[in-house]
There are 2 protein chains.
Amino acid sequence: MKRQTKQRDLVVTALTKARGFVSAQALHASMTHSGSTISLATVYRALTDMVGEGDVDSLLSLEGENLYRACSSNGHHHHLMCRECGATVEIDAKPIEEWSRAQAAAYNFTDVEHVVDIFGLCSQCA
Amino acid sequence: MKRQTKQRDLVVTALTKARGFVSAQALHASMTHSGSTISLATVYRALTDMVGEGDVDSLLSLEGENLYRACSSNGHHHHLMCRECGATVEIDAKPIEEWSRAQAAAYNFTDVEHVVDIFGLCSQCA
DNA sequence: ACCTTATTGAGAAGTCTTTTCAATAACGCT
DNA sequence: AGCGTTATTGAAAAGACTTCTCAATAAGGT
Ligand SMILES: [Mn+2]
Ligand SMILES: [Mn+2]
Ligand SMILES: [Zn+2]
Ligand SMILES: [Zn+2]
């Protein structure tokens, strides 16, 4: 059975305090800076579990690094993210969903999933 | 000045023969299998250069690996790709471009770029 | 042919992530 | 509260992908 540990709680807290998407390493660094002695491996494990349970969103940065965020929206949605500070806006995109489905159907692709994210500079970082 | 080498030509040839998107490592493996003694580093260098010159498209797989393809379309476009065999369909997405711009503007984001790719199983792999 | 220097091959190194395994601690039970 | 089971942890090793280093090679202009 799944156990509730201090470490997992700390990861949740730290992730919630983060402004936007953060990497596992950045999160671990900030936790360490705050006095925690949690290991990097445990941060990775916690984030991976949370993503699997749907409590946390993840996406690949343009550099191929996994970033994580405790999103407020529950359902499927997309992101507009500042590539400088990580600030993130959650956006619904019904037209995208339709478009994606239509394209897949048109070319007889099944079991489809789409990656749709927008990266830019927020007004503060611009 | 840029020099034309046998190795670069071989990479172009191998990439063109590939059905869809392939990783640098897969491409190198297939070239090696075909008798070439080109080094992996050179394959990476060639692909990186070609992407920079706009002759080759690249995208991040869902696992975070860089994949490459010699696309037929010149301009900006997106991809519907089989996650099993790499087979790829190039798709225009005017509505997506508009939508992307609109979202960025609405939230005062500048210097935006979007990642829009659809992954699934092609009819053969399904 | 010769010279200059961009390019190559081979391996080392870098970065992100997962795995291993012995030690620890969460939680159900008494 | 005490106990036993076993999920979880920390630390280090390993794995995967990519880039870098540097001496040797070869492209291409003269
Ligand atoms: Mn989200
Ligand atoms: Mn393309
Ligand atoms: Zn910003
Ligand atoms: Zn396929």
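Remember, predicted model here, so these are calculated numbers, not experimental data.
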**Residues which pass side-chain hydrogen bond (donor to acceptor under 3.5 Å, both in side chains) with Gln124(B), listed by chain and number, not counting sequence neighbours** = none
**Under the salt bridge (Lys or Arg N to Asp or Glu O under 4.0 Å) test, residues paired with Lys2(A) that sit two or more places apart** = Glu53(A)
**Request:** Give the B/S/- string for nucleotides 8-13 of chain D, one per nucleotide from 5' to 3', where a protein heavy atom under 4.0 Å of the base yields B, of only the sugar-phosphate yields S, and otherwise -.
**Result:** SBBB--
**Item:** Listed partners of Ala14(B) passing side chain to side chain contact (heavy atoms under 4.5 Å, CB included), at least two apart
**Value:** Leu27(B), Met31(B)
**Fill in**
Sorted by chain and number, sequence neighbours left out, side chain to side chain contact (heavy atoms under 4.5 Å, CB included) with Arg19(A) holds for none
**Item:** Axis-to-axis angle between the two ends of the helix from dA1(C)-dT30(D) to dT30(C)-dA1(D) (five base pairs per end, rounded to 10 degrees)
**Value:** 40°
**Request:** May I have the distance from Asp9(B) (atom CG) to dA6(C) (atom P), rounded to whole angstrom?
**Result:** 19 Å
**Prompt:** Given atom CG of Leu47(B) and atom P of dT8(C), what is their separation to the nearest angstrom?
**Reply:** 12 Å
**Complete:** Separation of dC16(C) atom C1' from Glu65(B) atom CD, nearest Å, is 14 Å
**Fill in**
Glu63(B) atom CD is separated from dT18(D) atom C1', nearest whole Å, by 17 Å
**Request:** Using the ring-ring contact (aromatic ring centres under 6.0 Å, His included) rule, collect all pairs that involve residues 31-72 of chain A, keeping only residues at least two apart or in two chains.
**Result:** none
**Prompt:** For Tyr44(B) and dC20(D), what is the distance between atoms OH and C1' respectively, to the nearest whole Å?
**Reply:** 13 Å
**Message:** Can you confirm whether the side chains of Gln7(A) and Thr42(A) place a donor and an acceptor under 3.5 Å from each other?
**Reply:** no
**Asked** To the nearest angstrom, how far is Leu60(A) atom CG from dT15(C) atom C1'?
**Response** 15 Å
**Asked** Separation of Asn66(A) atom CG from dT17(C) atom C1', in whole Å?
**Response** 9 Å
**Co-members of the apolar cluster containing Leu60(B) [side chain, <4.5 Å]** = Leu60(A)
I'd like a table of donor-acceptor pairs (distance under 3.5 Å, sequence neighbours excluded) in which one partner is a side-chain atom from residues 113-122 of chain A, with atom names and distances.
from, atom 1, to, atom 2, distance (Å)
Glu113(A), OE2, Arg83(B), NH2, 3.0
His114(A), ND1, Ser100(A), OG, 3.2
His114(A), NE2, His76(A), NE2, 3.2
His114(A), NE2, His78(A), NE2, 3.2
His114(A), NE2, Glu97(A), OE1, 3.1

